[in-house]
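Take a look at the structure below.
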Amino acid sequence: MSNKIVIKVKGVELQTWLSVRLQRNFDSVDTLSISYPFDPNNETLKEVFKPCSFNECRVFYDGKLLFVGVLLDVRTRFDPDQVVEEASFYALSGNLIDCNFPASSTKLQFDNQTIKTIFTQIADQFNLNLTFAAEAGGSFDKVACRPDQKIFDFMIDLAKQRGLILSSLANGGILVRKGKENGTLVAKLEEGLPPLISVTNNPNSRNYFSEVTACTTGRSKDNINAKYTSNNSKLDFLRPMIKVAKDTDTGSIKNASEGLLGRMFASSINYTIVVPSWENSLNKVFETNTFIQIKAPSVRIYQPYTLMIKQAELIADNNQELTSLTCVLPSSYSNKIPETLPWD
C-alpha cells in the first residue's frame with residue numbers, strides 16, 4: 001500500500017485498502033473504485049461506507065488533490081478468509097449524469113444565451129465549481145432541456161455544437177475545454193524498453209466513415225435544414241454518416257460536423273498503454289489532454305508517433321502502482337484530419 005496515496009471518506013482517512021483505481025477521463029467525469037477489508041464490528045467503516053449515503057471522498061497523491069467525489073455503490077464479497085468490500089465513486093459533477101432539473105425549476109428554457117451562461121446557471125444550482133477554458137461562441141437561438149432529460153446529456157449536446165468537451169476537475173467541478181492538437185510530451189516510450197510494459201491496439205472499423213454530416217431538422221437562425229459535411233481524406237471507400245444536431249445555428253453546424261469527424265477517429269483508432277507508475281517523465285501525475293510519443297512496431301506503430309491521452313487509469317495495490325493510458329490520435333478533438341496514421 002503506497003504511502004503517497006491518501007484516501008479520505010467523510011473526512012476519515014482510510015488506513016487499510018487492498019486496491020485503488022482512479023479513472024481520469026477527458027470526455028466524462030472521473031471515477032474511483034476502492035477495495036478494502038471490511039469488519040462489520042468496525043463502526044467507523046460502517047458509517048463512512050454506508051450504502052446510499054453519497055458520502056464525500058477525497059484522494060491525494062503525494063499531498064496533491066486528485067479527486068473529490070461521492071460514494072455510489074458498496075459491494076461486499078464474503079469468503080471463509082475475509083470480507084472484502086468494493087466502493088465506487090464518481091466526481092461531484094457526476095450527479096448531473098443521473099439527475100434531471102428539479103420539478104420546481106424554472107430554468108429549462110435558455111433562449112438567446114451563450115453556452116457559458118447556461119452552464120454557469122447549472123453549476124450554481126448544484127453548487128459546483130465551473131472552469132470554462134475555451135471561447136464560449138455565440139448565443140443559441142432557442143435551447144430547451146426536456147423535463148425528463150438528464151442534465152449532463154443536455155450539456156453534452158450543447159458542447160458538441162460548439163466543439164467543446166466536458167469533464168471534471170480535481171475538486172469535482174465541471175471543466176469545459178477544447179482538445180489540444182499538440183503540447184509538451186509527458187513520456188517517450190519504445191517497445192522493448194522500460195518503462196513501457198504493454199501496448200494494445202483497439203480498432204473499431206465500423207465507426208470509421210468517409211464523410212460525416214451534421215444537420216438540423218428545423219429552422220435555425222439563418223437557414224432551414226442547415227447541414228455541413230466533413231470528409232475523411234484518409235478513406236476512399238464510400239461510408240457516409242449523418243447526425244442531427246438540435247438547437248443549433250448554421251455557424252455552429254460546421255463545428256458540430258468537424259467534432260463528429262474527430263470523435264470518429266477517437267472511437268475507431270485508439271491504444272491502451274501500460275506503464276509502471278502514476279507519474280510521467282515530468283514527475284507529475286498522468287493527466288488527460290496531454291501527449292506521449294511511442295514506437296511499437298508489434299502494434300503497427302512503426303515510427304515514433306504522438307498520441308493524446310484520453311483516459312489515465314491510475315491503479316494501485318499492495319505490490320505496485322500502474323497507469324493504464326487510453327490514447328487516441330492527437331487531432332481527434334481538435335477538429336482536424338490527422339496528417340498521418342500510426343501505420344503509415
Side-chain angles (χ1 to χ4, degrees), residues 9 21-34 49-59 65-75 86-105 107-110 115-134 140 143-179 243 245-247 256 259-260 263 266-267 287-289 310-314 326 328 333:
V9 183
R21 302 180 80 96
L22 174 54
Q23 195 174 91
R24 313 186 88 181
N25 296 305
F26 174 65
D27 56 359
S28 185
V29 303
D30 294 349
T31 63
L32 171 72
S33 66
I34 308 166
F49 290 107
K50 183 187 295 183
C52 299
S53 64
F54 294 91
N55 285 335
E56 184 183 274
C57 176
R58 292 174 178 256
V59 178
L65 179 67
L66 296 185
F67 177 85
V68 180
V70 292
L71 175 65
L72 296 176
D73 299 321
V74 180
R75 291 181 170 84
E86 181 175 323
S88 61
F89 307 78
Y90 59 25
L92 293 176
S93 47
N95 200 32
L96 304 178
I97 296 175
D98 296 331
C99 295
N100 312 106
F101 283 103
S104 59
S105 177
K107 296 188 179 299
L108 297 179
Q109 193 78 26
F110 302 92
I115 191 170
K116 185 176 181 179
T117 301
I118 296 169
F119 285 8
T120 299
Q121 294 174 63
I122 294 171
D124 289 347
Q125 184 170 6
F126 285 84
N127 197 28
L128 295 168
N129 291 303
L130 171 67
T131 295
F132 210 99
F140 289 98
V143 173
C145 180
R146 301 188 314 273
D148 63 343
Q149 187 176 13
K150 304 300 185 184
I151 298 171
F152 205 72
D153 287 343
F154 168 68
M155 296 173 71
I156 287 175
D157 285 346
L158 298 185
K160 285 180 178 179
Q161 295 170 39
R162 292 292 184 262
L164 301 174
I165 304 295
L166 292 184
S167 56
S168 57
L169 299 161
N171 62 25
I174 307 165
L175 174 60
V176 185
R177 56 183 167 172
K178 283 183 175 288
K243 179 77 172 179
K246 299 177 182 177
D247 302 317
L260 282 171
R263 290 190 294 276
S267 66
E287 296 182 355
T288 64
N289 207 23
K310 179 186 176 186
Q311 180 187 94
E313 185 172 24
L314 311 175
T326 299
V328 298
Y333 294 95

query: Would you find a donor on one side and an acceptor on the other, under 3.5 Å apart, between the side chain of S105 and the backbone of F101?
result: no
Validation row, ring centre F54 to ring centre Y90 under 6.0 Å: no
message: Would you say that R75 contacts D73 through its side chain, given a criterion of any heavy-atom pair below 4.5 Å between the two side chains?
response: yes
- request: Please test M155 against F119 for side-chain contact (heavy atoms from CB on, under 4.5 Å), starting from the C-alpha separation and ending with a verdict.
  value: CA-CA 7 Å; M155 296 173 71; F119 285 8; 3.7 Å; yes
task: To the nearest 0.5 angstrom, please state how far the CG atom of L22 sits from the CG atom of L314.
output: 5.0 Å
- prompt: Would you say N25's side chain and D27's backbone share a donor-acceptor pair under 3.5 angstrom?
  reply: no
Sub-4.5 Å side-chain heavy-atom contact between K178 and Y333: no
message: Quick check with a 6.0 Å cut-off and a 45 degree axis cone: is R162 positioned over the face of F140's six-membered ring?
response: yes
- request: Would you check if V74 and L71 make a side-chain contact, meaning some heavy-atom pair closer than 4.5 Å?
  value: yes
- prompt: Hey, does I151 have a side-chain heavy atom less than 4.5 Å from the side chain of F126?
  reply: yes
Basic-acidic side-chain contact under 4.0 Å: K150, D98: no
message: Quick check: closest heavy atoms across V176 and L166, and the distance to 0.1 Å?
response: CG2-CD2, 3.5 Å
query: Just wondering, do N95 and V70 contact through their side chains at under 4.5 Å, heavy atoms?
result: no
task: Provide the closest heavy-atom pair for S28 versus I97 in the form atom of the first, atom of the second, distance.
output: OG-CD1, 4.5 Å
field: Intermediate values then yes/no, side-chain contact (heavy atoms from CB on, under 4.5 Å), I122 and L96
entry: CA-CA 9 Å; I122 294 171; L96 304 178; 4.2 Å; yes
Qualifying residue for side chain to side chain donor-acceptor pair (under 3.5 Å) with T288, from Q311, R177, K310: R177
- prompt: Are the charged groups of R21 and E313 less than 4.0 angstrom apart, N to O?
  reply: yes
- request: Evaluate the side-chain proximity of F89 to D30: yes if any heavy-atom separation is below 4.5 Å, no if none is.
  value: no
Working for side-chain contact (heavy atoms from CB on, under 4.5 Å), residues I118 and L158: CA-CA 10 Å; I118 296 169; L158 298 185; 4.0 Å; yes
- prompt: Atom CG in L92, atom CG in N129: separation rounded to 0.5 Å?
  reply: 9.0 Å
- prompt: Which atoms form the tightest heavy-atom contact between L128 and I174, and what is the distance?
  reply: CD1-CD1, 4.1 Å
- line: Residues passing the ring-ring contact (aromatic ring centres under 6.0 Å, His included) test with F132, sequence neighbours excluded, are none
query: Can you check whether L66 reaches R24 side chain to side chain, under 4.5 Å on heavy atoms?
result: yes
query: After noting the C-alpha distance and the side-chain angles of C57 and L32, does the key distance pass the side-chain contact (heavy atoms from CB on, under 4.5 Å) rule?
result: CA-CA 9 Å; C57 176; L32 171 72; 3.6 Å; yes
message: Quick check for you: to the nearest 0.5 Å, what is the distance between I115 atom CD1 and Q161 atom CD?
response: 8.0 Å
- prompt: Taking atom CG of N127 as the centre, does the number of heavy atoms from other residues, nucleotides or ligands within less than 6.0 Å exceed 12?
  reply: no
query: Side chain of S168, backbone of S93: donor and acceptor closer than 3.5 Å?
result: no
- line: Here the pair of heavy atoms bringing G179 nearest to F26 is CA-CZ, 3.7 Å
N100 (side chain) donor-acceptor with Q149 (main chain) under 3.5 angstrom: yes
- prompt: Between F110 and F154, does a ring pair (Phe, Tyr, Trp, His ring centres under 6.0 Å) hold up when you go through it step by step?
  reply: CA-CA 12 Å; F110 302 92; F154 168 68; 5.7 Å; yes
- request: Calculate, to the nearest 0.5 Å, the distance between atoms CG and OG1 belonging to L175 and T131 respectively.
  value: 6.0 Å
